[in-house]
Every structure is written in C-alpha cells, then in structure tokens.
Amino acid sequence: MTSRPATSLPLLGWVFLGVLYVATVYVTIVTRVQWGPDTAFHLAWTFRLLGDSEPEAVRRTVEFLADKDGIDCATSSLPWCHAENYQMYFAGDYAATVGPRVMTRLLSAPFVAVFGPWSMVAVSVVAYAAGVACLAVLAARMFGPRWGLLAGALAITPWLAANWAVHANTEALAMAFTTAAMLALPLRRRAGWRDVVAFAVLLGLGLFTRQFAVSVTVGTVLAWLVVAVRDRQVKNAWAPFAAAGAAATAVIVWVQGQMTASYAGGFSTIATYENNTGTHGLAEVVASVPATAARIVAGDWDHIRTDLVLTAVLLAAALSVAWRFRSELSALVVGMIGTTLALNLIVNDDSIFRYHTPNYPVYVLAAVALLADLAAGRRPSATTESPTPPGPRAAPPSRVPVAAWGALGIGYVVLALVIRNVNVGKASVGSGPALPDPTVASWPESVTPILAYGAAVALVAWQGSRLWGRSGLVAAALMLVPSVMVPLARAEFLEPFAALAVAAALCALPWRGGAPRGGPLWFGAGVLLATAMDPFAGVVAAGTLVAWATRLEPRNPWAPYPLVGAAAVAAALGVRAASGRDLVGTAAGDPAVVVDWIPVGSDFMLIAVAALVAVVGVRAWRDEPAVPLALGAMAAALALCATVDAVTGLRPVTALMPVLALAGAAAVARPLGRRQRVSVAARSAEPADASA
C-alpha cells in the first residue's frame with residue numbers, strides 16, 4: 001500500500017528530521033569544506049552554459065576558488081588551477097567524465113546566475129534533503145512510521161556520508177534521483193506501468209547526473225533474477241523494471257558517447273585503468289583486478305571506520321544481505337555495491353565513501369529491514385519484499401525477541417573494538433577523515449570500561465523493554481552513539497562506570513507510578529557513586545525535579561527523589577573537595593564538566609538523540625516521565641556549561657546517555673506508536689483486492 005509523503009510519518013516525525021538536518025548541515029558547513037577538484041570543472045561548465053567563453057569561464061572559476069578551503073587555487077600548483085590551462089576543462093579525459101553530467105549544471109545555472117557560485121552548495125543541500133525525505137517515505141511504506149523515522153535519521157547522521165550533502169558536487173543530486181527511483185520499484189507494493197515509466201525517467205536523470213547510476217540498473221536486473229529463480233517465474237513484478245532500466249541505460253550511455261565524441265574521442269575505460277594501475281594488456285588487467293579491489297576496499301575501510309554510525313549501518317546491511325538472502329532488497333544492495341566497486345577500479349583509489357553515497361539510502365533500507373524483522377520476530381531468512389497478501393496479520397511479540405538481543409550485543413562488541421583504533425574526536429573536523437590515531441589501553445585493561453558501559457546498555461535495555469516492550473530496544477541502541485563510546489578506549493576514564501551507576505539509579509525510579517521498595521535510597525546511592533566519578537552525572541538529580549513537577553499533584557511518588565538526588569550530589573562533591581580533587585576533573589586529570597561544542601556538534605547521532613527528545617518527545621511529556629527527566633537533565637547540563645570556563649571534552653555526555661536513551665525510546669514508543677497502530681487498523685479494514 002502506498003502512502004502520501006505528507007502522511008507517511010507523523011508531523012512531529014517530519015519536524016524532527018527537519019531540525020536534525022538543518023543542525024547537521026550547519027555543523028558540516030562550519031567544520032568541513034564545500035569545495036573539491038571536481039567543483040572547478042562543474043562550475044566552469046556552468047559558466048559556459050551561461051554564455052561565457054571557455055577562457056572566461058575558467059578564469060572566473062579559478063578566481064572564485066582561489067581562497068576556498070579544500071582547493072586553494074591561489075597557492076596550488078595543479079594545472080587546472082591556472083586559467084591559461086583552460087583547454088583541459090573542455091577536452092580530454094576530464095571533459096569526457098564531466099561533460100555528460102548535464103543535470104548538475106542545468107540545475108545550478110539559474111542559481112549561479114542570480115546568487116553566484118556559492119549557490120551550488122545550496123543545490124546539494126536541497127537535493128540531499130529530498131533524498132532523505134524519499135527514503136523516509138519508502139521505509140515508512142515498507143515497515144511503518146517508526147522505521148521510516150529511523151531510516152531518515154540514519155541517512156543524516158553519518159558525517160562521512162552527510163559530508164557530501166554540503167559539497168558542490170554531484171553526489172547529493174545523484175542520491176536524490178536514486179532514492180526517488182526506489183519509490184517506484186515493487187518493494188512491498190504492487191506497481192503499474194506508470195511506476196515503470198517513472199523509474200526509467202528518474203534513472204535517466206541519475207545517469208545524466210553521475211554515470212555510476214548504472215549500479216541502479218544492475219541492482220534491479222539482479223533483483224529480477226533472484227525473484228525469477230526463487231519463485232520459478234521469469235515474468236515477475238521486477239521484469240518490467242529490469243527491462244526498462246536496461247533499455248534506458250543502453251540508450252543514455254550511447255547518447256553520452258555521442259556527446260563526448262567531438263572533444264574526448266580518445267577516451268577509453270581500459271586505457272584509463274591501465275594508466276592508473278601500470279598494467280599493460282588484457283591479461284595483466286584481469287590479473288590485477290583482485291589486488292586493486294582489495295586495496296580500494298581497505299582504503300575505504302580506513303575512512304569508514306572513523307564514522308561509527310556509518311560503520312554500524314554498513315555492518316547491519318552486510319548482515320542483512322547474508323541473512324535475508326532471498327530478499328529482493330538484498331539483491332539490489334549486492335548489485336549496487338558490486339557495480340560501484342567495479343567502476344571504482346578504473347580510478348584505482350579509495351573514494352572516502354564518495355562513490356557509494358548515492359547508493360547509501362539503499363544500504364540504510366537493507367539495515368532497517370533486518371532490524372524490523374528482528375523486532376517483529378520474523379525469520380529474516382524467509383522474508384521477501386513481495387507485497388504482503390491480504391488477510392489478518394500475526395500480532396508482533398510484546399517483548400524483544402532473543403535474536404534482537406543477540407544482534408544488539410554483537411553490534412556493541414564490534415563498535416567497541418572499532419573505537420579502540422580510531423581517534424573519533426578528530427575524525428569529523430576538517431577537510432577529510434582523520435587517519436586512525438588511537439590512544440588506547442593495552443589488553444586486558446581496556447576490557448574493564450567496555451564491560452562497564454556494556455552493563456549500562458543492558459540495564460537500560462532491560463528497563464526500556466519493561467516499559468515499552470519491543471520499542472525498549474531503541475533505548476539500548478541510542479546509547480551506542482560515537483561520542484559516548486570514546487571513553488571506552490582508555491581504562492583510566494571513569495565515565496563508563498558513571499554511566500553504569502546512573503543506569504542502575506534509573507531502575508529505582510517510579511516509572512509507572514509505584515515506587516519500588518527503598519527506591520529513593522537506591523537512587524541516591526547510584527547518583528552519589530556516579531557524581532563521585534564524574535561530576536557531570538549529577539545533572540540527573542535536576543531531571544527528577546522536573547519529572548516531579550510535571551505530575552501536577554505535589555505529593556506524588558517522585559517527591560522524595562529530587563531531595564535525595566540533591567543530597568547525593570552535594571555529598572559527592574563534598575567528598576571530592578575534602579580529598580583535594582578538582583571538582584571539574586576526572587581520574588585521567590582532564591577537565592570534564594563542560595562540553596566543547598564543536599566536537600559535540602560533529603557527533604550527529606548525539607544531535608539526533610537530543611532533537612528526538614526535544615521535538616518528538618513533547619507529545620509524551622505527561623505520559624512518560626522519561627521525557628521531562630531528560631529535558632531537566634539537559635537544561636541543568638546547559639546551565640552548568642554556561643557557568644564554568646569552557647574546556648574540551650566529549651566524555652561527560654557518557655553519564656547522561658542512559659537518561660537521554662530512555663527518553664528517546666519513550667518518544668518513539670508513544671507518539672509514533674499511536675500513529676502506527678492507527679495505520680495498521682486502517683489497512684486491515686481495506687478490501688482484500690485493494691491495489692497498491
């Protein structure tokens with residue numbers, strides 16, 4: 001069943017994605033560059049389209065890029081940074097690559113004419129936003145609003161992928177066309193001839209944006225082949241899309257060859273590969289492919305692993321492909337990854353995930369498909385993307401399935417191992433990914449913080465599953481954001497232990513109205529221990545004050561907790577002062593109370609969690625104490641940061657994450673949960689022969 005974009009997510013879901021996107025785009029523009037070598041060629045062709053002569057177009061391009069970070073043409077010795085070499089812009093191998101990408105300059109030209117070259121960045125920003133919206137619509141159509149929200153957030157939060165959203169290049173626009181084309185495919189829906197036409201048109205626009213869009217064609221053909229073998233039916237729902245895609249690709253590739261024949265007639269893919277790899281002859285070319293592919297994959301992994309969100313998504317997508325091997329979506333992913341890697345061989349260099357960015361929404365969709373299967377208790381090995389037959393649906397399990405717990409544990413272990421070899425704090429600031437620069441403890445000392453924070457994740461997952469069933473798993477997943485995992489790399493950091501103490505203290509709160517026996521005392525003990533290790537953890541006491549205030553009646557189960565929490569914080573700080581320890585220091589000797597906003601802003605997942613609580617969580621303010629608890633703690637943290645001299649450090653956020661994670665799970669379980677139940681009820685009331 002299809003859904004209109006405006007109603008595929010609740011309004012608050014769209015507001016959340018909008019706030020998250022604006023915030024991350026701003027941070028990306030501030031911390032990273034928007035210009036690269038390809039920008040010069042696209043801008044020069046745009047000036048040419050606007051009527052400038054070739055020398056004038058290149059002169060204006062070089063002047064504009066003279067002082068731009070990432071290029072610095074004024075000081076560069078690269079030949080294309082000198083206006084007298086204008087011929088290389090419009091003839092030769094560079095022209096053969098850039099010339100057919102007409103969509104970039106056609107869409108950029110009106111804005112460049114009115115607002116100047118800076119508007120090329122705006123085109124990318126808008127295009128990437130359109131791709132995110134298409135992905136959210138598609139995921140919500142296939143799996144429900146909660147998963148649509150997750151897919152949209154996962155498309156925004158990996159900084160290595162989102163970097164191209166503010167880059168004056170073709171990646172963002174290509175991603176928009178690729179994701180829009182996915183909407184037309186028969187993924188959990190029945191498609192008609194209009195969908196086939198729409199797919200062919202959008203595929204064509206993608207090919208005229210970036211030739212790598214041929215990966216969409218290969219993925220579609222492979223999906224058709226998988227369904228033909230699986231169902232023993234050659235003429236299936238994917239056949240028209242595979243035929244239309246192959247035909248459109250063949251025609252467009254031929255047209256592009258004719259377009260470039262006059263100024264790049266000598267361009268050869270094989271010759272380019274031979275030149276880049278130092279091989280000669282077909283035999284050497286074929287023999288060099290495995291080593292070249294391995295070198296490219298290894299180089300890309302060195303960059304990808306500096307982005308933990310992207311690492312998690314790609315690992316989940318790989319597991320999804322293996323486990324959901326009968327799925328059309330898995331075939332799409334395999335075809336698109338394989339084709340992109342094959343085309344990347346020609347360049348013989350890693351792409352910093354650039355070449356895969358247009359396909360990234362499909363990888364996100366594969367990861368979300370696996371998570372949706374695990375949460376619903378389905379057997380992923382048996383799932384497909386065929387339309388669900390009409391009839392009553394089995395009720396999903398009320399508790400988190402065992403397989404989902406296992407997946408969460410495996411994910412945590414993998415990310416904890418990856419974080420030991422990456423300097424995440426430096427990775428997301430500058431013109432490109434930081435090379436691995438680890439500062440880690442030796443084994444087995446570094447196991448201790450990993451186990452401590454893992455226990456905190458388990459406690460939060462247990463508490464969340466008690467409160468919201470399957471949605472409680474969201475709380476555990478939200479605790480795996482990159483910044484809070486940084487302390488896992490050093491055994492002397494106490495923040496993982498403080499997070500465990502906070503998580504234990506939260507288990508003593510009166511979440512459903514009835515306070516557990518000795519709850520205030522257990523809460524006070526947890527806060528005392530957490531604050532003694534990390535003063536920043538004391539903000540949780542302020543959260544209980546707001547949670548008590550929202551209960552309206554003064555005498556409610558929350559009344560003792562603010563007093564006990566405040567006393568525990570005062571006692572912990574008093575002990576620290578009496579022992580001569582710095583009130584704003586940790587065991588490692590680094591100031592840790594105030595958060596440096598640049599690295600925090602570079603952690604897009606942290607922004608996403610805060611925005612989820614602040615935007616979506618307001619709907620659950622009265623129903624779910626986790627939301628006012630988190631908002632109160634966040635307000636106290638901001639006040640604390642405003643009253644102490646600014647210092648660097650992401651580590652303090654670790655102790656606050658159990659509170660934010662539970663509030664995020666409440667936001668997903670309540671407002672989106674109501675919407676999802678209404679949608680399911682509406683679908684079940686439709687006639688059995690309703691078409692897609």
Side-chain angles (χ1 to χ4, degrees), residues 1 135-136 138-144 146-152 154-155 178-179 181-183 185-191 215-216 218-233 236-239 241-242 310-341 356 359-389 393-394 396-397 400-411 414 470 473-474 477:
M1 175 183 172
L135 175 61
L138 180 56
R141 184 185 78 194
M142 294 177 65
F143 311 113
R146 293 173 181 167
W147 301 107
L149 191 73
L150 175 63
L154 290 178
T178 295
T179 315
M182 294 296 109
L183 284 171
L185 292 176
L187 294 168
R188 300 283 176 97
R189 66 191 289 266
R190 295 180 179 87
S215 63
V216 179
V218 175
T220 306
V221 171
L222 186 58
W224 161 75
L225 182 60
V226 166
V227 176
V229 173
R230 183 193 70 199
D231 299 343
R232 296 179 177 82
Q233 186 178 7
N236 55 59
W238 288 81
F241 293 92
L310 181 60
T311 299
V313 171
L314 294 182
L315 289 176
L319 181 60
S320 178
V321 168
W323 205 349
R324 306 175 82 252
F325 61 92
R326 301 175 73 250
S327 163
E328 300 90 318
L329 186 56
S330 295
L332 273 173
V333 173
V334 170
M336 295 173 81
I337 289 180
T339 306
T340 302
L341 177 59
H356 288 276
N359 300 339
Y360 176 62
V362 185
Y363 307 163
V364 171
L365 202 62
V368 169
L370 176 64
L371 297 178
D373 283 348
L374 291 173
R378 290 189 294 265
R379 289 198 313 113
S381 59
T383 48
T384 75
E385 267 59 62
S386 299
T388 304
R393 302 183 179 185
V400 179
V402 174
W405 291 116
L408 177 66
I410 293 172
V414 170
R470 292 176 301 129
L473 198 64
V474 174

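Computed from a predicted model, the values in this text were never measured in an experiment. Just so it is clear, the values below take in all heavy atoms, side chains as well, and ignore hydrogens, waters and symmetry mates.
- At distances below 3.5 Å, not a single donor-acceptor pair connects side-chain atoms of Arg324 with backbone N or O atoms of Asp373.
- Counting heavy atoms from C-beta outward, Glu328 and Arg230 have side chains that approach closer than 4.5 Å.
- Proximity of Leu138 to Leu185: side-chain heavy atoms (C-beta onward) are nowhere separated by under 4.5 Å.
- A 4.5 Å side-chain heavy-atom check between Glu385 and Met142 finds at least one atom pair inside the cut-off.
- Residue Leu319 holds its CG atom at 12.5 Å from CG of Leu314, rounded to the nearest 0.5 Å.
- Thr339 contributes a side-chain N or O that, together with a main-chain N or O of Gly335, makes up a donor-acceptor pair within less than 3.5 Å.
- Scanning both residues, Leu135 and Thr179, for their nearest heavy atoms gives N-CG2, 3.5 Å.
- The minimum heavy-atom distance linking Val313 with Ala367 is given by the pair O-CB, 3.8 Å.
- By the side-chain contact (heavy atoms from CB on, under 4.5 Å) test, Val414 is found to be paired with Leu315, Ile410, Val418, residues two or more places apart in sequence or in another chain being considered.
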Take Thr178 and Asn359 through the side-chain hydrogen bond (donor to acceptor under 3.5 Å, both in side chains) test and state the conclusion after the steps. CA-CA 7 Å; Thr178 295; Asn359 300 339; 4.6 Å; no
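- With hydrogens and angles ignored, the 3.5 Å screen pairs no side-chain donor or acceptor of Asp231 with any backbone N or O of Ala228.
- Side-chain atoms of Phe241 and Val221, non-hydrogen and from C-beta on, never get closer than 4.5 Å to each other.
- At least one side-chain heavy atom of Val216 sits under 4.5 Å from a side-chain heavy atom of Met336.
- Leu222 CG to Ser215 OG: the interatomic distance, rounded to the nearest 0.5 Å, is 12.0 Å.
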For Leu371 and Leu150, run side-chain contact (heavy atoms from CB on, under 4.5 Å): C-alpha distance rounded to whole Å, both residues' side-chain angles, the deciding distance at 0.1 Å, then the answer. CA-CA 10 Å; Leu371 297 178; Leu150 175 63; 4.0 Å; yes
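- With contacts defined as side-chain heavy-atom distances shorter than 4.5 Å, the pair Leu365/Met182 does not qualify.
- What you find for Ala372 and Trp147 is that their closest heavy atoms are CA-CZ2, 3.6 Å.
- Looking at every heavy atom in both residues, Ala366 comes nearest to Val333 through CB-CG2, 3.7 Å.
- The side-chain heavy atoms of Leu332 and Trp238, taken from C-beta on, include a pair separated by under 4.5 Å.
- Smallest separation of non-hydrogen atoms from Ser320 and Ser330: O-OG, 3.6 Å.
- Counting all heavy atoms, side chain and backbone alike, Ala316 lies closest to Leu370 at O-CD2, 3.7 Å.
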